[in-house]
Amino acid sequence: AAAAPRADQRRILAMGGGGFTMEDAPALDRFVLSLTDAQVPRVCFLPTASGDPREQMTRFYERFGSWPCEPTSLSLFHLGRDRIDPIEHLLSQDAIYVGGGSMRNMLAIWREHGIDIAMRIAWESGVVLAGLSAGAMCWFQGGITKSAGAPEPARGLGLLPGSLSVH
């Protein structure tokens, strides 16, 4: 059995924006892949925070599909259709890339499906975690969100100390 990575080998890339969500900004996405130790990394996109829109998943595949990686996406809104074990899928990745939207709604859905626990296990086992906007804020103890209208503090996963607020 492989030894668990040391704390200094765990990686989280928290981005306020950019990546494949912006048409001409591939450097951040390439950086996500470079943080893994894999020659052909398995990278999974979670668009939960914005309700799993097809457009975001299409843009993800357009960006990562031509690179030396194995891109997948995980829609928690379509588990009945897709018949995938979300926790098993996430734990088999080299990198997990989380999209933006409503951090509060995303975390509520993650907690319902056990994704919050899976993210901690993934991180502790050396899976690279990355995210934009809400997908960046979620790794911290908290942040200021407008998910419910007016800006207010919201609790994150607590993998990283402190807070992050974007936009």
Just wondering, do Pro86 and Leu76 contact through their side chains at under 4.5 Å, heavy atoms? yes
Quick one: list whatever passes salt bridge (charged side-chain N to carboxylate O under 4.0 Å, His left out) with Arg120, sequence neighbours left out. Glu124
Trp67 and Asp29: CA distance, side-chain angles, deciding distance, side chain to side chain contact (heavy atoms under 4.5 Å, CB included) verdict: CA-CA 10 Å; Trp67 291 347; Asp29 296 328; 3.6 Å; yes
Looking at side-chain heavy atoms only, is the closest gap between Val128 and Leu13 below 4.5 Å? no
A side-chain contact here means heavy atoms from C-beta on lying under 4.5 Å apart; do Thr72 and Tyr61 qualify? yes
Dump the intermediate steps for side chain to side chain contact (heavy atoms under 4.5 Å, CB included) on His113 and Leu79, then the final yes or no. CA-CA 10 Å; His113 291 281; Leu79 289 175; 3.5 Å; yes
Arg81 atom CZ, over 12 foreign heavy atoms within 6.0 Å: yes
If you take all heavy atoms of Met15 and Ala130, which pair is closest and at what distance? CE-CB, 4.4 Å
Which residues satisfy the side-chain contact (heavy atoms from CB on, under 4.5 Å) test with Arg111, sequence neighbours excluded? Leu107, Asp116, Arg155
Checking the side chain of Gln93 only, and the main-chain atoms of His89 only, is there a donor and an acceptor separated by less than 3.5 Å? yes
For Phe31, look at atom CZ and say whether over 12 heavy atoms of other residues, nucleotides or ligands are found less than 6.0 Å away. no
I'd like to know if Val40 and Leu33 are part of one continuous hydrophobic network [Ile/Leu/Val/Met/Phe/Trp/Tyr, side-chain heavy atoms within less than 4.5 Å]. no
Can you list the residues that meet the salt bridge (charged side-chain N to carboxylate O under 4.0 Å, His left out) rule with Glu70, with sequence neighbours excluded? none
Show your reasoning for whether side chain to side chain contact (heavy atoms under 4.5 Å, CB included) applies to Leu129 and Arg11. CA-CA 6 Å; Leu129 303 178; Arg11 296 177 177 105; over 6 Å; no
So which atom in Gly131 and which in Ala136 form the shortest heavy-atom distance, rounded to 0.1 Å? O-CB, 3.4 Å
Which heavy atom of Ser73 sits nearest to which heavy atom of Cys44, and what is that distance? C-SG, 4.0 Å
Any side-chain hydrogen bond (donor to acceptor under 3.5 Å, both in side chains) involving residues 37-49? Give me the pairs, sequence neighbours left out, ordered by first then second residue. Arg42-Asp94, Thr48-Trp110
pair Val166-Leu132: side-chain heavy atoms closer than 4.5 Å: no
Heavy-atom neighbours of Ile117 CD1 exceed 12 at 6.0 Å: no
Distance-minimising heavy-atom pair for Phe60 and Val43: CZ-O, 3.9 Å
Are Phe45 and Phe64 an aromatic pair by the rule of ring centers under 6.0 Å? no
In short, Ile12 meets Trp139 closest at the heavy-atom pair CG2-CD1, 3.3 Å
Modelled atom types, side-chain donor and acceptor of Gln56 and Ser50, under 3.5 Å: yes
Nearest non-hydrogen partners of Ala154 and Arg104, listed with the distance: CB-NH2, 3.9 Å
Steps toward side chain to side chain contact (heavy atoms under 4.5 Å, CB included) verdict (Val127, Ile96): CA-CA 7 Å; Val127 174; Ile96 299 170; 3.9 Å; yes
Distance check, rounded to the nearest 0.5 Å: Met103 atom CE versus Lys146 atom NZ? 14.0 Å
Side chains of Ile84 and Leu74: does their closest heavy-atom pair fall under 4.5 Å? yes
Taking only residues two or more places apart in sequence or in another chain, which ones pass salt bridge (charged side-chain N to carboxylate O under 4.0 Å, His left out) with Glu88? none
Short side-chain to backbone donor-acceptor contact, Ser165 and Ile144, under 3.5 Å: yes
Taking side-chain contact (heavy atoms from CB on, under 4.5 Å) as the definition, give me every residue that meets it alongside Gln141, ordered by chain and number, with sequence neighbours left out. Pro161
